[in-house]
Amino acid sequence: DWITDPNETRRVLLFTGPAGAGKSTIAHTVANYFKTAGCLAASFCFDRNSRGDRGPDKLFSTIARSLASIDAQFRSALFDAVCEEIDIRRSTDPETQFNHMLLKPGTKLGTAGPLVFVIDALDESGDLGSSGRNEILNILAKRTSELPPNFRIFVTSRFEPDVQDVFTNDPEVYTKHMDSIPVSSTEADIKKFITKRLSSTSLRNFDTVCSVLTVRSEGLFQWAAVACTFILEGTIRASTPQKRFDWLMSSLDARISMNRGQTDVDKHYDLLYTTVLSQISHPEDDEAITRFRSIMGYILAVYEPLCTDTLKIICAAVSTSIMDPDDEDDVTIILRSLGSLMSGVSDASMPVRPLHASFRDFLSDPNRSKSYHISPIGHHGNVALACLRIMNRELKFNICDIKTSYLPNSEIEGLEDSISISIPQHLSYACRFSFKHIAEHMSSSYQVSDDLLHELRVFLSDKFLFWL
């Protein structure tokens with residue numbers, strides 16, 4: 001009714017819930033439903049692991065581009081707006097993008113029926129208090145009434161403090177919480193998921209196992225997903241799904257007995273994540289923990305997910321600083337054991353990222369992850385060093401072997417293929433993000449290592465023009 005009611009004045013529906021409760025699944029379902037119905041205008045998912053293309057500076061430009069592809073009048077108005085002020089196309093300011101890429105051309109919109117925009121994981125739009133995140137929150141809460149009346153923006157988010165402050169009691173926003181969904185309905189959906197996920201196993205008392213896991217999940221789909229993947233794929237010591245299930249249940253029971261009274265959502269995840277990680281790196285094994293934290297530190301610090309092969313090259317570029325040269329293969333060994341918590345670990349060419357934001361949150365909080373704690377801020381210096389060493393080693397004049405410099409890029413045949421062949425992912429990443437890592441490192445530390453200063457001097461004196 002909210003989407004189809006022509007008299008509805010609220011442009012935004014905010015759907016909130018705890019981490020791992022299934023908000024993204026609902027967002028994808030809504031997007032697919034309205035795509036089939038022919039009225040999905042755009043969808044966007046924020047992701048702290050992909051800040052390069054899923055950050056707050058990409059939201060409104062992505063929405064405008066998608067809307068332009070389905071509405072000719074909007075497309076023409078957007079073209080005119082960009083031509084009038086050429087700098088708009090390069091702007092990363094959310095409010096500038098909203099004003100010139102969405103609001104202004106929106107006055108020429110030709111579509112009369114409802115247009116649905118799905119924005120998932122608003123809480124992933126940046127760190128709490130960051131300028132980009134604050135701008136997005138304020139625009140969605142305060143300025144969407146300026147948009148065409150047929151716009152319907154479906155937003156999912158955790159109900160974090162700034163989200164509460166901005167959206168609570170806002171008459172322009174329709175708010176719905178996941179706790180308004182009957183518990184019995186959520187549990188039934190989770191049991192269906194578990195039953196289907198484990199259907200290929202030969203677990204004893206299968207229905208009982210599914211019921212036990214459903215109860216243990218306490219309404220959290222992500223908990224169920226991690227548990228099922230662990231049972232199916234396992235790691236080192238437990239070799240069959242049955243053994244892994246038995247070990248998981250007994251280990252959880254032991255940890256629960258030591259944490260009586262800690263029943264909130266974070267503690268529920270903490271028990272699961274700590275239990276699964278203990279199979280990989282025991283918290284008292286200092287050497288294993290150091291390797292785990294080094295490799296995961298890179299994954300959490302980078303601005304876009306990188307594949308295993310690229311991560312190995314980056315680790316090798318600073319191996320003399322943080323690990324032995326022979327430890328390069330630890331990247332593959334450790335990531336393969338994290339299949340229940342990370343995506344992309346089974347294929348060396350696929351981007352590696354945490355399966356869910358709750359795992360990143362767990363690792364980033366020392367009070368929760370304890371021995372497994374990782375501070376992404378502390379790894380920016382090493383990533384910056386790796387990037388500079390890679391550029392100093394691999395940048396060169398005419399890297400794509402272009403035959404003439406008298407033609408514009410648009411007229412060079414096969415340029416895209418030449419770029420993909422001549423500039424591998426690790427070099428491309430280093431060229432695009434090295435100075436962001438340096439800035440992050442220097443903003444959090446007054447000390448810059450001699451190695452970093454040396455590589456920076458080499459870059460500025462020998463490689464800067466090749467990079468430029």
Can you tell me how far the [atom1] atom of [X] sits from the [atom2] atom of [Y], to the nearest 0.5 Å?
{"X": "Asn382", "Y": "His379", "atom1": "CG", "atom2": "NE2", "result": "6.5 Å"}
{"X": "Leu456", "Y": "Ser434", "atom1": "CG", "atom2": "OG", "result": "9.0 Å"}
{"X": "Asp57", "Y": "Glu135", "atom1": "CG", "atom2": "CD", "result": "10.5 Å"}
{"X": "Leu395", "Y": "Arg393", "atom1": "CG", "atom2": "CZ", "result": "10.5 Å"}
{"X": "Cys39", "Y": "Ile70", "atom1": "SG", "atom2": "CD1", "result": "9.0 Å"}
{"X": "His356", "Y": "Asp361", "atom1": "NE2", "atom2": "CG", "result": "9.0 Å"}

Would you indicate whether the side-chain heavy atoms of [Y] and [X] approach each other to under 4.5 Å?
{"X": "Arg368", "Y": "Leu363", "result": "no"}
{"X": "Ser375", "Y": "Ser364", "result": "no"}
{"X": "Arg89", "Y": "Ser61", "result": "no"}
{"X": "Ile3", "Y": "Phe154", "result": "no"}
{"X": "Pro305", "Y": "Val352", "result": "no"}
{"X": "Arg152", "Y": "Leu115", "result": "no"}
{"X": "Phe46", "Y": "Ile119", "result": "yes"}
{"X": "Pro354", "Y": "Leu300", "result": "yes"}

Of all pairs that satisfy side-chain hydrogen bond (donor to acceptor under 3.5 Å, both in side chains), the ones with a partner from residues 99-118, not counting sequence neighbours: Asp71-Thr111, Glu84-Lys104, Asn99-Arg143
Look at atom [atom1] of [X] and say whether more than 12 heavy atoms of other residues, nucleotides or ligands are closer to it than 6.0 Å.
{"X": "Phe79", "atom1": "CZ", "value": "no"}
{"X": "Met178", "atom1": "CE", "value": "yes"}
{"X": "Asp450", "atom1": "CG", "value": "no"}

Any idea which heavy atoms bring [X] and [Y] closest together, and the distance?
{"X": "Gln97", "Y": "Thr92", "answer": "NE2-CA, 3.8 Å"}
{"X": "Met296", "Y": "Ile374", "answer": "CB-CD1, 3.1 Å"}
{"X": "Met101", "Y": "Ala64", "answer": "O-CB, 3.3 Å"}
{"X": "Gly55", "Y": "Phe44", "answer": "O-CZ, 3.7 Å"}
{"X": "Ala31", "Y": "Leu40", "answer": "O-CD2, 3.5 Å"}
{"X": "Ser157", "Y": "Val163", "answer": "OG-CG2, 3.7 Å"}

Set of residues satisfying ring pair (Phe, Tyr, Trp, His ring centres under 6.0 Å) with respect to [X], sequence neighbours excluded:
{"X": "His373", "result": "none"}
{"X": "Tyr273", "result": "Tyr269, Phe359, Phe362"}
{"X": "Tyr429", "result": "Phe433, His437"}
{"X": "Phe15", "result": "none"}

Test your reading of the model: is there a side-chain donor-acceptor pair from [X] to the backbone of [Y], 3.5 Å cut-off?
{"X": "Ser369", "Y": "Asp365", "result": "yes"}
{"X": "Ser422", "Y": "Ile419", "result": "no"}
{"X": "Arg11", "Y": "Glu146", "result": "no"}
{"X": "Thr290", "Y": "Asp286", "result": "yes"}
{"X": "Thr144", "Y": "Val12", "result": "no"}
{"X": "Trp467", "Y": "Cys431", "result": "yes"}
{"X": "Ser76", "Y": "Gln73", "result": "no"}
{"X": "Trp2", "Y": "Arg10", "result": "yes"}
{"X": "Arg54", "Y": "Asp47", "result": "no"}
{"X": "Ser130", "Y": "Gly126", "result": "no"}

Donor-acceptor side-chain pairing of [X] and [Y] below 3.5 angstrom:
{"X": "Ser91", "Y": "Asp93", "value": "no"}
{"X": "Thr229", "Y": "Arg197", "value": "yes"}
{"X": "Gln425", "Y": "Thr310", "value": "yes"}

Per the salt bridge (charged side-chain N to carboxylate O under 4.0 Å, His left out) rule, what does the pair list look like for [range], sequence neighbours excluded?
{"range": "residues 459-468", "answer": "none"}
{"range": "residues 21-45", "answer": "none"}
{"range": "residues 418-435", "answer": "Glu304-Arg432"}
{"range": "residues 112-128", "answer": "Arg48-Glu124, Asp123-Arg158"}

Are Phe464 and Phe466 near enough that their ring centres are under 6.0 Å apart? no
With Lys436 as the cation and Tyr303 as the aromatic partner, state whether NZ or CZ is under 6.0 Å from the six-membered ring centre and within 45° of the axis. yes
I need the full list of ring pair (Phe, Tyr, Trp, His ring centres under 6.0 Å) pairs touching residues 47-67, with sequence neighbours left out, sorted by first then second residue. Phe60-Phe98
Can you name the salt bridge (Lys or Arg N to Asp or Glu O under 4.0 Å) partners of Lys396, sequence neighbours left out? none
Relative to each other, are the rings of Phe117 and Phe151 parallel, tilted or perpendicular (30° and 60° limits)? tilted
For residues 168-177, which side-chain donor-acceptor pairs fall under 3.5 Å, sequence neighbours excluded?
residue: Thr168; atom: OG1; partner: Gln164; partner atom: O; Å: 2.6
residue: Asp170; atom: OD1; partner: Glu172; partner atom: N; Å: 2.8
residue: His177; atom: ND1; partner: Thr16; partner atom: OG1; Å: 2.6

Should Lys58 and Asp53 count as an ion pair when the cut-off is N to O under 4.0 Å? no
